[in-house]
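Single-structure report; data block below.
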Amino acid sequence: MKKFVLSKDDKSAVSYSISYENLLNEAQFEAVTHVDGPVLLVAGAGTGKTRTLIYRVARLVENGTDPSEILLLTFTRRAAHEMLRRASHILDERCRRVEGGTFHHYCSKILHRHAESIGYPDNFTIIDSQDAMEAVNLVRNRLDLPKRKSRFPKKSTLYFMFSSSINRQIPVRELVENEYPQFTVHIDLIEEIYAKYQEYKELNYVMDFDDLLVKTRDLLRDNDDLRNVIASRHRYVMVDEYQDTNALQAELTSLFSSVHHNVMAVGDDAQSIYSFRGADHKNMLAFPELFEGTKVIKLEENYRSTQRILDVANRVLEEAEEKFDKQLYTKNEEGDLPGLVKAANMNDQSRFVAQMILNLREQGYELSDTAVLFRNGRDSFDLEVVLNNKNIPYVKYGGQKFTEAAHVKDVLAHLRVLLNPKDLISWNRVLMLIDGIGPKTAEDLFQWAHTRGNPFEPDRAPNASEKYLVQLKALSELFAKLKKLDGSVTEQLQEVVSYYSVFCRKQFDDYPKRMKDLETFVDISGTYQSLNQLIEQLALDPIEATVIDTEASEKDESPLVLSTIHSSKGLEWRNVFLIQCLDGILPSGYAMDDPRQMDEEVRLLYVAVTRAKENLFITYPALFQSRYGDYFSQPSRFIEDIGERLLEPWLLVEEHENNNLLEE
DNA sequence: GGGTTGCAAACAGAG
DNA sequence: TTTGCAACCC
């Protein structure tokens with residue numbers, strides 16, 4: 001018999017349309033050309049981690065991998081889109097077919113497809129954290145609470161406990177005992193509320209964000225056949241921002257890649273800033289233990305920033321208790337010394353930022369080359385007023401979302417009810433708009449309507465009071481109309497907005513602005529194919545509050561960016577202003593009694609600083625103005641002793657005292 | 001007396 | 001802007 005030896009298909013025989021060697025440095029190239037087996041890519045800020053991921057996608061596709069066999073998990077949907085857009089740009093449109101999004105997105109997709117396996121109908125709806133807290137509140141109020149003996153956790157604390165317990169995989173009891181000793185006396189009640197909350201969600205066909213992860217994990221863990229089917233599709237799994245994943249997401253990563261074992265995690269432990277969501281940067285260190293045979297690749301050369309910006313960044317990291325084995329370096333030019341700007345008060349700080357941005361624009365920078373970063377969403381309010389006065393267009397990332405505003409939630413509640421009539425929280429919202437209906441009547445109406453079988457005619461309730469019967473009738477008519485309009489999201493939304501306008505006027509002083517928001521919302525709703533899709537997308541990917549404003553105004557100039565530091569992760573700008581850099585804000589006052597949280601505040605400052613490519617200004621006001629009085633404030637303890645050699649002090653001087661606006 | 005509404009205090013970060 | 005609580009209404 002003759003033997004013929006089949007040789008392995010030689011990858012080098014593929015001729016690539018991209019010259020990877022020339023476009024990447026050695027470590028990047030190694031990561032990009034890695035094919036089989038687990039890899040941990042430890043990539044410092046600005047070292048080209050996104051670039052590496054994009055080129056790896058392109059490379060795998062060029063190798064002949066079907067794009068849909070690549071699973072790319074990112075921190076936001078925006079990040080996923082941006083990466084695939086860039087990958088398509090360097091290679092071709094095939095890259096758009098890569099599977100991906102956030103963990104929550106992808107899990108939601110799986111769950112909708114296999115809803116029946118977990119005892120849910122496929123029209124289950126996703127509730128955001130506000131609604132989840134309402135549900136916790138609801139089940140809490142059904143129990144007899146201890147009356148004023150000792151303090152009981154409020155709904156947001158309860159929800160936070162439950163969520164931490166899940167994301168960090170620690171039992172509620174243990175978590176309360178260790179981290180909330182003041183509530184240990186109520187431990188049995190807390191556990192009971194937790195159980196009732198789980199029950200509530202199952203009975204009402206809703207899932208919170210954590211359920212998306214947990215139920216997917218359970219589904220794959222307990223159903224080997226299904227796990228095999230799903231994991232077989234993922235020849236390559238890539239997880240971005242791995243330092244901000246939690247225990248549950250690590251488990252999911254392992255399940256997703258359990259057939260082919262080709263998983264690449266990318267992250268930077270020095271940029272871990274999401275521990276409040278249960279993330280643990282030690283996940284990164286644990287990666288090689290979880291995935292046997294992991295190859296570790298490090299990216300250390302920074303391409304983003306000037307050396308002087310990196311000097312500040314490196315110095316900031318020294319403030320952390322837990323040391324990092326990390327010194328960023330670059331071959332970029334030295335650049336200007338970053339500035340430390342002390343303003344007399346908040347408004348001077350805003351004026352400085354606005355004027356400096358205009359100066360930079362005159363020097364040839366686009367507005368969108370500049371970002372203003374801050375610790376809390378509200379820290380930019382004063383600046384926003386100044387920018388509006390000066391007609392400087394901006395977008396704001398982070399902070400209050402459009403979909404979280406009360407008037408938008410009200411409108412959406414009507415649609416949610418239509419989609420999932422068992423969604424009690426939304427029903428309550430809808431019914432309680434009506435005069436004379438509070439939480440109790442709302443729930444009674446809900447119970448009555450559901451035992452009777454037609455929830456959309458609450459006006460038929462036998463014991464409904466005259467006082468609100470007329471309004472209940474109007475509500476029933478609205479639902480009748482909405483059902484007729486089935487299939488046309490825009491028309492349905494328009495109908496709800498018309499119905500709602502009366503309530504909007506009654507409820508809010510600034511109803512003209514709110515109604516305008518809603519009209520814009522109607523205008524852009526055409527992009528959603530179905531009601532289901534609209535509700536789901538808005539929950540998983542809420543619209544930034546300013547997107548609506550920007551949509552309404554002319555977009556003739558790409559706008560300035562305002563962003564919380566958290567939302568600035570992964571992004572970069574030529575000029576960065578970090579404002580309100582005050583002790584008590586960054587670091588946050590909440591973090592001060594916990595060294596681990598304080599370290600995270602250091603990393604937060606590190607993330608802010610490393611967003612800058614060319615110019616960095618850190619500003620703070622000497623006078624902190626809050627609603628309840630002004631007081632003198634101190635600059636952040638992390639920057640106070642950085643020293644003038646690294647951070648140049650700036651003094652603001654008024655024009656009439658000296659002809660220059662700014663003196664150095 | 002239960003339920004609703006008006007009032008006084010606290011206030012992060014995000015999928 | 002939201003959350004728990006007290007006064008107020010049916």
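Excluded from the calculations below are hydrogen atoms, water molecules and symmetry mates; all remaining heavy atoms, backbone and side chain alike, are included. Letters go in sequence order (proteins before strands), and every chain restarts at 1.
- In the displayed structure, A:Asp510 atom CG is contacted under 6.0 Å by more than 12 heavy atoms of other residues, nucleotides or ligands.
- Rounded to whole Å, atom P of B:dG3 lies 15 Å from atom CG of A:Leu431.
- Nearest-nucleotide assignment on DNA chain B puts the 5′-proximal partner with A:Lys154, out of A:Lys154 and A:Leu540.
- For A:Gln249 and B:dG15, the CD to C1' distance is 9 Å, given to the nearest whole Å.
- Counting non-hydrogen atoms under 4.0 angstrom, A:Arg77 reaches nothing in the nucleic acid.
- For DNA chain C, no neighbouring residue in residues 433-448 of chain A is found when judged by any heavy atom under 4.0 Å.
- With B:dA14, B:dC11, C:dG4 as the candidates, the nucleotide lying closest to the side chain of A:Tyr590 is B:dC11.
- Between the CD atom of A:Glu404 and the P atom of B:dC11 there is a distance of 19 Å, rounded to whole Å.
- Side chains of A:Gln243 and A:Arg603: no donor on one and acceptor on the other come within 3.5 Å.
- Nucleotide C:dT1 holds its P atom 8 Å from the CG atom of A:Asp510, rounded to whole Å.
- When rounded to the nearest whole Å, the span between NE2 of A:His104 and P of B:dG15 equals 9 Å.
- Nearest-nucleotide positions on DNA chain B place A:Glu601 closer to the 5' end than the other of A:Glu544 and A:Glu601.
- No engagement by A:Asp541 is indicated, since no non-hydrogen atom pair under 4.0 Å with the nucleic acid exists.
- Residue A:Arg505 qualifies as open at atom CZ: its count of foreign heavy atoms under 6.0 Å is 12 or below.
- Under 4.0 angstrom from either OP1 or OP2 of B:dA14 there lies no side-chain N or O belonging to A:Thr76.
- Stacking is not found between A:Phe75 and the pyrimidine-like six-membered ring of the B:dG15 base under the 5.5 Å centre-distance and 30° plane-angle cut-offs.
- Side-chain proximity of A:Asn376 to the nucleotides B:dA12, B:dG15, C:dG4 is greatest for B:dA12.
- Salt-bridge annotation for A:Glu241 and A:Lys49: present, with a side-chain N of the basic residue lying under 4.0 Å from a carboxylate O of the acidic one.
- The aromatic ring of A:Phe276 does not sit over the base of B:dA12; the criterion of centres under 5.5 Å apart with planes under 30° is not met.
- In this structure, A:Ser588 reaches the bases: a heavy-atom distance under 4.0 Å links it to at least one base atom across the strands shown.
- No salt bridge links A:Arg596 with A:Asp599; every basic N to acidic carboxylate O contact stays at or beyond 4.0 Å.
- Distances from the side chain of A:His566 to the nucleotides B:dA14, B:dG15, B:dA12 place B:dA14 closest.
- Donor-acceptor pairing under 3.5 Å is recorded for the side chains of A:Glu384 and A:Tyr394.
- Remark: P of B:dA14 and CZ of A:Phe209 are 12 Å apart, rounded to the nearest angstrom.
- Phosphate contact (OP1/OP2 of B:dA14, side-chain N/O of A:Ser129, threshold under 4.0 Å): absent.
- Rounded to whole angstrom, the span from the NZ atom of A:Lys569 across to the P atom of B:dA12 amounts to 21 Å.
- Going from atom CG of A:Asn137 over to atom C1' of C:dT3 covers 9 Å, rounded to whole Å.
- Looking at A:Glu536 and A:His112, their side chains do bring a donor and an acceptor atom within 3.5 Å of each other.
- Residues A:Glu134 and A:Arg429 are not paired through a salt bridge, judged by the lack of any N-O separation under 4.0 Å between the basic side chain and the carboxylate.
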